[in-house]
**Student:** 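This structure is in C-alpha cells; I'll ask about it shortly.
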2 protein chains.
Amino acid sequence: MKKYFEILQKCPLFEGIEEKDLLALLHCLGAKTEKFDKKYTILTEGKPSKYIGIVLNGSAQIVQVDYYGNRSILSVVEPSQLFAEAFACAEVQSLPVSVIANEPCEIMLIDSRRILYSCANNCAFHQQMIFNLMKDLAQKTLLFHQKIEITSKRSTREKLLAYLGFQAKKEGANSFTVSFDRQELADYLEVDRSGLSAEISKLRKEGILDCRKNYFELL
Amino acid sequence: MKKYFEILQKCPLFEGIEEKDLLALLHCLGAKTEKFDKKYTILTEGKPSKYIGIVLNGSAQIVQVDYYGNRSILSVVEPSQLFAEAFACAEVQSLPVSVIANEPCEIMLIDSRRILYSCANNCAFHQQMIFNLMKDLAQKTLLFHQKIEITSKRSTREKLLAYLGFQAKKEGANSFTVSFDRQELADYLEVDRSGLSAEISKLRKEGILDCRKNYFELL
DNA sequence: TTCCTTTTGTTGAAAATTCAACATATATTC
DNA sequence: GAATATATGTTGAATTTTCAACAAAAGGAA
C-alpha cells in the first residue's frame with residue numbers, strides 16, 4: 001500500500017489527514033486495490049453502489065449507455081481522484097453509470113458505509129472525511145455545470161470550441177492534449193463522430209485551431 | 001421566522017436538528033429572509049457566491065445565459081430546497097449561474113461561511129449540517145446525471161419523452177403538471193421552442209401523450 | 001517489413017433542428 | 001367586457017446533424 005501514499009495524499013478524501021495516520025485509516029476502512037486492463041468494467045451500471053473508488057494510476061471513464069446503445073461519456077477520472085462517491089453518499093440502489101478503465105489502471109475501492117458511519121474503533125477521521133466528501137461533491141458539481149454549459153450549445157462547432165476553451169483554461173495554455181480519442185470526444189460532446197471530424201477539419205482550414213490526433217492548439 | 005418552521009424542518013440542511021434548536025441555530029447562522037417578485041434575480045451570475053439559499057415559498061430557476069443570450073435552465077428549486085450550495089461549498093470566486101424567481105417567492109439566505117466553519121459559540125450543529133450538505137450535494141449530483149441523460153439524447157422527441165418519463169416516475173403517476181412553460185421546457189431540454197411545440201403536437205396525434213398547457217399525460 | 005486492426009477523415013443523402021414569421025389561443029389590465 | 005400583452009401552435013426554408021459507406025492514416029503484431 002505504501003507505494004501509493006503519494007497519490008493517496010493528493011486524494012480529496014484524505015485531505016488534512018497526515019501520512020502517519022493514513023495506513024491505519026486505510027486498514028480501518030477495509031480499503032482494497034484491484035488492477036484492471038484497458039476497457040475493463042470497474043463498476044457496472046445497474047449494480048448496487050457499494051464502493052467509492054480512487055484512481056491510483058491510469059485513468060477511467062464514467063459512461064452511460066442508453067436503451068439504443070448510444071454511449072455518453074460523463075467524465076474522466078485520473079490518479080488521486082474519486083469516483084462513484086455521489087452514488088455511495090446518496091445511497092442509491094443501483095448505479096446509473098458504468099466506470100470503465102481507460103487504460104491499464106489500479107483502483108482502490110472502499111466500502112462507502114465505512115466512510116459515512118463510524119467504525120467500531122470510532123476513529124477520529126470520519127468527520128474529516130465527511131467534510132472532504134462534501135468539498136469534493138461540490139467540486140464535482142462544478143464539473144457537471146461545465147459539461148452542461150458545453151453540451152447545451154446547439155452546434156458541434158460551438159460545443160467543441162467551448163470544450164477546448166475550458167481545457168485551455170484548465171491547462172493554462174493554448175496547446176494541450178485531451179484524454180479522448182475522436183469517438184470519445186464525440187461521446188463527451190454528445191455529437192456525431194464524423195461530423196466532429198469534419199468540423200475539426202473546417203476549423204483547421206479557417207486557421208482557428210491546429211490538431212494532430214488528441215493534441216490541440218488554439219490559434 | 002416561526003411561520004417557516006414547517007418548511008425549514010423539511011430542508012435537507014436541517015435534517016436531524018430538532019425544532020426546539022432551530023430558532024437558535026438560525027440566529028447563530030445569521031439567516032435572513034427576502035421576498036422576490038416573479039422574474040427577479042435572487043443571485044447574479046458572475047457575482048461572489050457568498051450565500052446558500054433556501055426556498056421558503058414559491059420557486060426559483062437556476063439558469064445560465066451564454067455569450068449569445070441563449071438561456072439554459074439547469075433546474076428548478078421548490079420550497080424546502082437548497083440552492084447555490086455547491087458554489088458556496090466549493091468556495092468559487094464567482095457564480096456560474098443566476099437564480100431567478102419563477103413566481104413571487106420568499107427566500108432564506110445564509111452566509112455559507114457560518115455553516116462551513118464553527119461559530120464563536122461553537123454550536124454543536126455544524127457537524128450535522130456538514131453531513132447534511134454532503135448528502136444534499138450527492139442528491140443534486142444525481143439530478144445532474146438525470147439532466148445529462150435527458151439532454152444527451154439527439155432528438156427533441158427523445159429528450160421530451162425521457163424528461164416526461166422521469167417526471168412520471170417522480171410523481172408516481174402517468175399524468176402530472178410540469179413547472180415549465182413551453183419556452184422554459186425548451187430551455188431545459190436544450191431545444192428550439194417551436195420545434196418542441198411541433199413535436200408535442202405530433203406525439204398527441206400519434207396518441208402517445210396528451211397535453212394541455214403544462215399538464216401532461218402519458219398514454 | 002508486411003499484414004491486420006483500429007482510428008480518423010471525407011463525402012453525399014436523408015432526416016432533424018433551427019429560425020423567422022405569422023396565426024391562434026390564453027392571460028392580464030384597465 | 002374590451003383591449004392589450006403574453007404564450008403556444010403552425011408552417012416552410014435554410015442550415016446542420018446524423019447516418020452509412022468508404023478511403024486514408026496510424027498503430028500493433030508477427
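Bear in mind that the values here come from a model prediction, so they are computed numbers and not experimental data. Per chain, numbering begins at 1; letters A, B, ... match sequence-line order.
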**Student:** Only pairs at least two apart or in different chains count here, so list each side chain to side chain donor-acceptor pair (under 3.5 Å) that has a residue in residues 191-200 of chain B.
**Tutor:**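 Sorted pair list: B:Arg157-B:Glu199, B:Asp192-B:Ser194.
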**Student:** I need a per-nucleotide contact map over nucleotides 8-26 of chain C, read 5' to 3'. Cutoff is protein heavy atoms under 4.0 Å; write B for the base, S for backbone only, - otherwise.
**Tutor:** BBBB----SSBBB------
**Student:** Could you tell me which residues satisfy ring-ring contact (aromatic ring centres under 6.0 Å, His included) with A:Phe216, sequence neighbours excluded, listed by chain and number?
**Tutor:**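 Checked A:Phe216 against ring-ring contact (aromatic ring centres under 6.0 Å, His included); zero matches.
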**Student:** Report the distance from atom CD of A:Glu103 to atom P of D:dG28, rounded to the nearest whole Å.
**Tutor:**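 Atom-to-atom, A:Glu103 to D:dG28, this comes out as 13 Å.
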**Student:** Using atom CZ of B:Arg212 as one end and atom P of D:dA7 as the other, report the distance to the nearest whole Å.
**Tutor:**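 In whole Å, D:dA7 P lies 19 Å from B:Arg212 CZ.
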**Student:** Going by the side chain to side chain donor-acceptor pair (under 3.5 Å) test, which pairs reach into residues 37-47 of chain B, not counting sequence neighbours?
**Tutor:**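 As it turns out, there is no side chain to side chain donor-acceptor pair (under 3.5 Å) pair with a partner in residues 37-47 of chain B once direct neighbours are skipped.
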**Student:** Kindly list each side-chain donor-acceptor pair under 3.5 angstrom involving residues 161-173 of chain B, sequence neighbours excluded, with atom names and distances?
**Tutor:**
none

**Student:** Under the side chain to side chain donor-acceptor pair (under 3.5 Å) definition, can you give me all pairs with a residue in residues 95-110 of chain B, not counting sequence neighbours?
**Tutor:**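 Checked against side chain to side chain donor-acceptor pair (under 3.5 Å) - neighbours excluded - the pairs reaching residues 95-110 of chain B are B:Tyr4-B:Glu106, B:Asn57-B:Glu106, B:Ser59-B:Asn102, B:Ser59-B:Glu103, B:Gln61-B:Asn102.
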**Student:** Excluding sequence neighbours, so at least two apart, what forms salt bridge (Lys or Arg N to Asp or Glu O under 4.0 Å) with B:Glu190?
**Tutor:**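 By the salt bridge (Lys or Arg N to Asp or Glu O under 4.0 Å) rule, B:Glu190 matches B:Lys147.
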**Student:** Rounded to the nearest angstrom, tell me the gap between atom NZ in A:Lys38 and atom P in C:dT5.
**Tutor:**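 Atom-to-atom, A:Lys38 to C:dT5, this comes out as 17 Å.
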**Student:** Atom pairs under 3.5 Å, N or O on each side, protein against nucleotides 28-30 of chain C: can you list them with distances?
**Tutor:**
none

**Student:** With sequence neighbours left out, write down each residue that passes salt bridge (Lys or Arg N to Asp or Glu O under 4.0 Å) with A:Asp111, or none if nothing qualifies.
**Tutor:**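 Here the qualifying residues are A:Arg113.
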**Student:** What are the two closest non-hydrogen atoms of A:Leu56 and A:Pro79, and how far apart are they?
**Tutor:**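 Residues A:Leu56 and A:Pro79, closest heavy atoms: O-CB, 3.8 Å.
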**Student:** With sequence neighbours excluded, give me every ring-ring contact (aromatic ring centres under 6.0 Å, His included) pair touching residues 77-112 of chain B.
**Tutor:**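 For residues 77-112 of chain B: A:His145-B:Phe87.
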**Student:** So which pairs with a foot in residues 158-168 of chain B pass salt bridge (Lys or Arg N to Asp or Glu O under 4.0 Å), sequence neighbours left out?
**Tutor:**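 Of all non-adjacent pairs touching residues 158-168 of chain B, none passes salt bridge (Lys or Arg N to Asp or Glu O under 4.0 Å).
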**Student:** Can you pull out how bent the helix from C:dT1-D:dA30 to C:dC30-D:dG1 is, comparing the axes over its first five and last five pairs, to 10°?
**Tutor:**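 For the helix from C:dT1-D:dA30 to C:dC30-D:dG1, the axes at opposite ends meet at about 50°.
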